[in-house]
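Here is the structure we will look at, set down as structure tokens.
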Amino acid sequence: MRLSTLTLAATLVASGAFAAEPVAPADVVYTDGAIEASLSGTPGNPEEGAKAFASRSIGNCVACHEVTGLGAAFPGNVGPMLDGVGSRWSEAELRGIVANAKLMYEGTVMPSFYKVDGFIRPGNGYTGKAAETIEPILSAQQIEDVVAFLMTLKDE
Amino acid sequence: MKFKAMTAVAALLLSVPAVTLADPDGDSLVINGEIEMITETAAPAHLSDAMDTIYSGWRFREDETQALQLDDFDNPGMIFADLGLDQWNKVEGEAGKSCASCHDDVAESMKGVRATYPKWNETAGEVRTLAMQINGCRTENMKAEPYKYTSGEMTNMEALISVQSRGMPVDVAIDGPVQATWEAGKEMYYTRFGQLELSCANCHEQNYGNMIRADHLSQGQINGFPTYRLKNAKLNQVHDRFKGCIRDTRGHTFDPGSPEFVALELYVASRGNGLSVEGPSVRN
């Protein structure tokens, strides 16, 4: 079912028939912390995902996680090393972890990357000033890209 | 799900040997070959649920940074303490007085003072940080303008006063009239601020010793303030550091000198009870 919707969406996007509407953060459906359906309707691009993962100004996942061979300088180790993570979890589970890890790991220090409410004193980016509007840290497509990248991290 | 969580734990354990920096190092800090500093000691009783041992931030810095604090001639912060001494002797304000007019020799009158701040001021009926007390004397006793809370003049004066207590253990009171403020500070310490939803404890209690990107996380102790940071080449006031850490959570910070930061400072200072006063220290 999910597969056919996805394929349909992909076909439509490819043919330029319509631009898929991303699922808004508030409308995301979590099942045991996992998200079955794509958030953007467009398949993720693992290269873009790797960039978002390593870039300080996008995902900055390397602040806490190391991935062998990514070539990111000074990865942190607040979170687990992610080699083989694509074998440990399904795509739906990884999507859930990246969008809102707190549903899979209660109380985790890992931030929620696709969430716009429930914050205490949210800021306007890194200015230290109060937020005016709150966008999720990653867009729907960036989540898909990062998940596609994580899915390439298989055990040998 | 349980199984997956276990896998994550296993992964965490596996990732440990790859880490080069982990715990605080084993170096000891003796300044000018004579002042022995306590950079590691048993955690104060109020922290016993959270940790056994407290460490100065000095123990988490690289050797080159550490070395700058071993000798006052190498410590760039000492230049600012000297500037503080000029301020100490300078007559300012309508009362025609300097700090020295009332407190005389700073080495005598200010010995041990830094170790007990923030503390309750009976006359004012409030918890005062050292910066607030300095400004209290400026406005009330000298009839002079207060220093801006995180200004160079303020950090110079704080450095001068801190030096007189170097090596003495931090000994901040947490009960009696300050208790409510202390509780408020504690609550802030565990509040997950900003869009990244991170509390002070997430980084400095749960993850000290770990790397967050290129930064080796310390316990976020304030026994070394004001700190000379190589990053901005000046003395940094403790509320500026708090501000920076909350900003880094993608959060809306509080203002230096605000009641929130005064409470947080009292609480964080008390987490360091037993460590030596180190200010002005050197950090990166």
Side-chain angles (χ1 to χ4, degrees), chain A residues 32-34 54 56 60-66 68 72-85 87-90 93-94 97 100-113 115-132 134-137, chain B residues 1-22 187-188 190-217 239-240 242-256 260:
Chain A
D32 290 336
R56 184 168 221 137
N60 200 18
C61 313
V62 287
C64 296
H65 294 286
E66 187 176 356
T68 306
F74 309 117
N77 65 337
V78 164
M81 138 78 93
L82 296 184
D83 286 2
V85 81
S87 305
R88 288 201 283 284
W89 300 95
S90 70
E93 287 167 329
L94 287 173
I97 293 173
N100 187 353
K102 286 170 183 81
L103 302 179
M104 201 72 85
Y105 300 98
E106 203 192 324
T108 185
V109 303
M110 177 159 157
S112 303
F113 289 87
K115 193 178 117 169
V116 290
D117 52 17
F119 303 123
I120 300 169
R121 293 178 72 92
N124 183 357
Y126 292 98
T127 61
K129 301 204 168 64
E132 281 148 23
I134 303 175
E135 296 293 323
I137 300 171
Chain B
M1 195 112 106
K2 203 159 202 158
F3 173 72
K4 293 297 166 74
M6 299 269 301
T7 329
V9 172
L12 262 170
L13 292 177
L14 281 175
S15 75
V16 170
V19 175
T20 44
L21 282 163
E187 191 173 328
M188 275 184 80
Y190 290 96
T191 299
R192 302 188 63 160
F193 289 112
Q195 200 171 352
L196 300 185
E197 297 177 280
L198 292 169
S199 68
C200 315
N202 286 149
C203 287
H204 294 297
E205 180 174 295
Q206 275 173 260
N207 279 295
Y208 72 86
N210 284 333
M211 303 294 294
I212 189 153
R213 198 83 195 235
D215 288 315
H216 192 202
L217 281 167
H239 290 193
D240 259 341
F242 292 170
K243 212 174 126 183
C245 281
I246 294 189
R247 182 200 59 217
D248 287 348
T249 68
R250 269 175 105 116
H252 173 203
T253 63
F254 299 88
D255 291 329
E260 290 86 358

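Order of the sequence lines sets the chain letters (A, B, ...), proteins ahead of strands, with each chain counted from 1.
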What part of [X] gets closer than 4.5 Å to chain B, counting heavy atoms only: side chain, backbone, both or neither?
X: A:A73; answer: backbone
X: A:T68; answer: neither
X: A:K102; answer: side chain
X: A:I134; answer: side chain

Inset, instruction - Please state whether the side chain, the backbone, both or neither of B:I246 comes within less than 4.5 Å of a heavy atom of chain A. - result: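 Contact with chain A involves no heavy atom of B:I246 at all.
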Legend entry - chain A contact via B:T191 - side chain, backbone, both or neither, heavy atoms under 4.5 Å: side chain
Quick one: does [X]'s side chain have a donor or acceptor within less than 3.5 Å of a partner on [Y]'s backbone?
X: A:N77; Y: B:M211; result: yes
X: B:R192; Y: A:G107; result: yes
X: B:Q195; Y: A:E135; result: yes
X: A:R121; Y: B:T253; result: yes

Legend entry - B:E197 versus A:S112, closest heavy-atom pair with distance: OE1-OG, 3.9 Å
Inset, instruction - For residues A:V109 and B:L198, report the shortest heavy-atom separation together with the two atoms involved. - result: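 Reported closest heavy-atom pair: O-CD2, 3.4 Å.
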Inset, instruction - Indicate yes or no: at least one non-hydrogen side-chain atom of A:F119 is less than 4.5 angstrom from one of B:T249. - result: no
Inset, instruction - Side-chain contact test, heavy atoms from C-beta onward, threshold under 4.5 Å: evaluate it for A:I137 versus B:L196 and give yes or no. - result: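 The answer is yes, as the side chains (C-beta and beyond) meet within the 4.5 Å cut-off.
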